[in-house]
Amino acid sequence: MSIGNSNSPEEERPSTDDRSEDRIVERSVEEPSIGTALKKARIAAGLTVDEVSSTTRVRIPIVHAIESDDFSRCGGDVYARGHIRTLARAVRLDPAPLIDSYDAAHGGRPAPTPAAPMFEAERIRPERQRPNWTAAMVAAIVAVIGFVGFTAFGGGDEKSKQPVAEGSAAPKAAPTQAGAKPSPPTPQAPQAPKPEPSESAIAAAPKDLVTVVLTANDGESWISAKDHSGRLLFDGTLAQGESKTFTDKDSIDLVLGDAGVVKLFVNGKEIKDKFQPGQVERLTYTKDDPSQGQAQAG
């Protein structure tokens, strides 16, 4: 009879589950996160965060956030992928595995969202717009000026009313006889100054609606626009030189992927905020703006 515990060779071997867990741990150690991989590659390349930001035009807070695996400041999955690809190339790292890792962790690459037809909300709205009195006043002033000019320069006898061909020489005065005194020049009626159209008259923005006009002046930018009920009006890329106009009775919500290249007009007035290139901005404007329209943190 044997005393003590006898262990068989099978009991001394590690189980299959233990070996699987060891392989998983080793794999997780071998594959660093996206932010860790970018940070290690940047340090290995001898670059600082400031240098990477200056080269890629990605803001310093966003670079720090991505290296900490925080993609909430990127403005969405589309810009997060773009920032990862740009930073990887700046530190001489292959961006494809990092993009695949991001897609695997965030539900895969989303399908493109079809753009909503412009002014669709405006076509189905039965509300009647008020007449544009500013434009009517400008037209009336121009008509009065034209009548005054016609009266001053087209009056007189029937001979003076004959049309003169454009570009022809002006009629010469009859020669003065010797000893005769020259007749004094006939005074002409002063011309009324032409009024300069106001900024609101140029834009012709209705007072009972909020009107937002976006123009991509210095490059292309992804934009998103929603009405006051959250209905998507547009979601896509605004090419350089292209413009989009959105209207609503209460408010317009905007997301600008690259606010530094976009020129923005609200209710006929240009927004003078100095947005930086690559800066993501979330904006909301109402009928009382631009006095109350303020940019939210990107």
Side-chain angles (χ1 to χ4, degrees), residues 75-76 78-79 113-143 194-298:
V78 175
Y79 283 93
T113 304
M118 289 183 59
F119 301 111
E120 181 177 355
E122 193 63 22
R123 288 198 300 267
I124 64 177
R125 186 180 296 113
E127 297 179 359
R128 185 177 61 182
Q129 297 185 0
R130 298 178 181 176
N132 190 350
W133 295 111
T134 304
M137 291 177 61
V138 172
I141 294 174
V142 172
K194 295 183 179 180
E196 297 183 358
S198 62
E199 190 174 1
S200 60
I202 296 174
K207 298 300 183 181
D208 58 341
L209 298 175
V210 53
T211 302
V212 176
V213 181
L214 300 172
T215 303
N217 276 358
D218 302 327
E220 65 178 17
S221 173
W222 171 85
I223 65 171
S224 174
K226 296 181 180 180
D227 61 10
H228 72 282
S229 62
R231 186 174 183 275
L232 185 64
L233 301 178
F234 182 79
D235 184 7
T237 301
L238 193 64
Q240 184 174 3
E242 186 179 1
S243 297
K244 294 289 183 183
T245 303
F246 306 101
T247 60
D248 189 71
K249 64 180 180 179
D250 290 331
S251 64
I252 294 291
D253 295 328
L254 298 175
V255 180
L256 307 181
D258 191 350
V261 304
V262 176
K263 192 171 185 179
L264 178 60
F265 286 85
V266 177
N267 297 326
K269 295 183 181 297
E270 182 179 1
I271 302 302
K272 298 297 185 178
D273 293 348
K274 295 182 179 179
F275 300 125
Q276 299 299 321
Q279 182 177 357
V280 178
E281 289 293 339
R282 290 173 173 82
L283 309 168
T284 299
Y285 293 104
T286 64
K287 292 180 289 186
D288 298 328
D289 288 324
S291 60
Q292 298 179 2
Q294 299 294 335
Q296 301 177 2

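This is a predicted model, so every value here is computed, not measured. The first residue in the sequence is number 1, and the count goes up from there.
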> I want to check something: taking the side chain as every heavy atom from C-beta on, are T211 and F265 in contact at a cut-off of under 4.5 Å?
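No, their side chains stay 4.5 Å or more apart.
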> For the residue pair D227 / S229, report whether a side-chain donor-acceptor contact shorter than 3.5 Å exists.
yes
> Could you check if a side-chain atom of V212 sits within less than 4.5 angstrom of a side-chain atom of L254, using non-hydrogen atoms only?
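Answer yes - side chains close enough.
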> Provide the closest heavy-atom pair for V261 versus G219 in the form atom of the first, atom of the second, distance.
CG2-O, 3.6 Å
> For the side-chain contact (heavy atoms from CB on, under 4.5 Å) test, which of V266, D289, L256 pairs with L283?
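Looking at V266, D289, L256, the match for L283 under the side-chain contact (heavy atoms from CB on, under 4.5 Å) is L256.
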> Whether the S224 and D235 side chains hold a donor-acceptor pair (N or O, under 3.5 Å, no angle test) is what I'd like checked.
no
> Got V262 and D218 here, is their nearest side-chain heavy-atom distance under 4.5 Å?
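No - every pair of side-chain heavy atoms lies 4.5 Å or more apart.
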> To the closest 0.5 Å, what do you measure between NZ (K244) and CG (L233)?
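Those atoms lie 11.5 Å apart.
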> Should the ring pair Y79 and W222 be called parallel, tilted or perpendicular, given that the plane angle runs from 0 to 90° and is split at 30 and 60?
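Plane angle over 60°, so perpendicular.
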> Nearest 0.5 Å, what's the CG-CD1 distance between D258 and I223?
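Rounded to the nearest 0.5 Å, the CG-CD1 separation comes to 12.0 Å.
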> Are any of the side-chain heavy atoms of V210 and T247 separated by less than 4.5 Å?
no
> Looking only at heavy atoms, which two atoms of A239 and A216 are closest? And how far apart?
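So the two residues come closest at O-CB, 3.3 Å.
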> Which heavy atom in K249 sits nearest to a heavy atom in L209, and how many Å separate them?
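Closest heavy-atom pair between K249 and L209: CA-CD2, 3.7 Å.
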> Could you report the tightest heavy-atom contact between R282 and G75, atom names first, then the distance?
NH2-CA, 3.9 Å
> State, yes or no, whether a side-chain contact exists between T215 and L238 at a heavy-atom distance under 4.5 Å.
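T215 does not reach L238 side chain to side chain.
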> Taking all non-hydrogen atoms of both residues, which atom of T237 and which atom of E220 are closest, and how far apart?
CG2-OE1, 3.9 Å
> For a side-chain hydrogen bond (donor to acceptor under 3.5 Å, both in side chains) check, start with the C-alpha distance between D253 and T284, then their side-chain angles and the critical distance, and finish with the verdict.
CA-CA 4 Å; D253 295 328; T284 299; 2.9 Å; yes
> Could you report the tightest heavy-atom contact between H228 and D248, atom names first, then the distance?
ND1-OD2, 2.8 Å
> First locate atom NZ of K263, then atom CD1 of I271, and finally report the distance between them rounded to the nearest 0.5 Å.
12.0 Å
> Have a look at V213 and tell me which of L264, T245, N267 forms a side-chain contact (heavy atoms from CB on, under 4.5 Å) with it.
T245
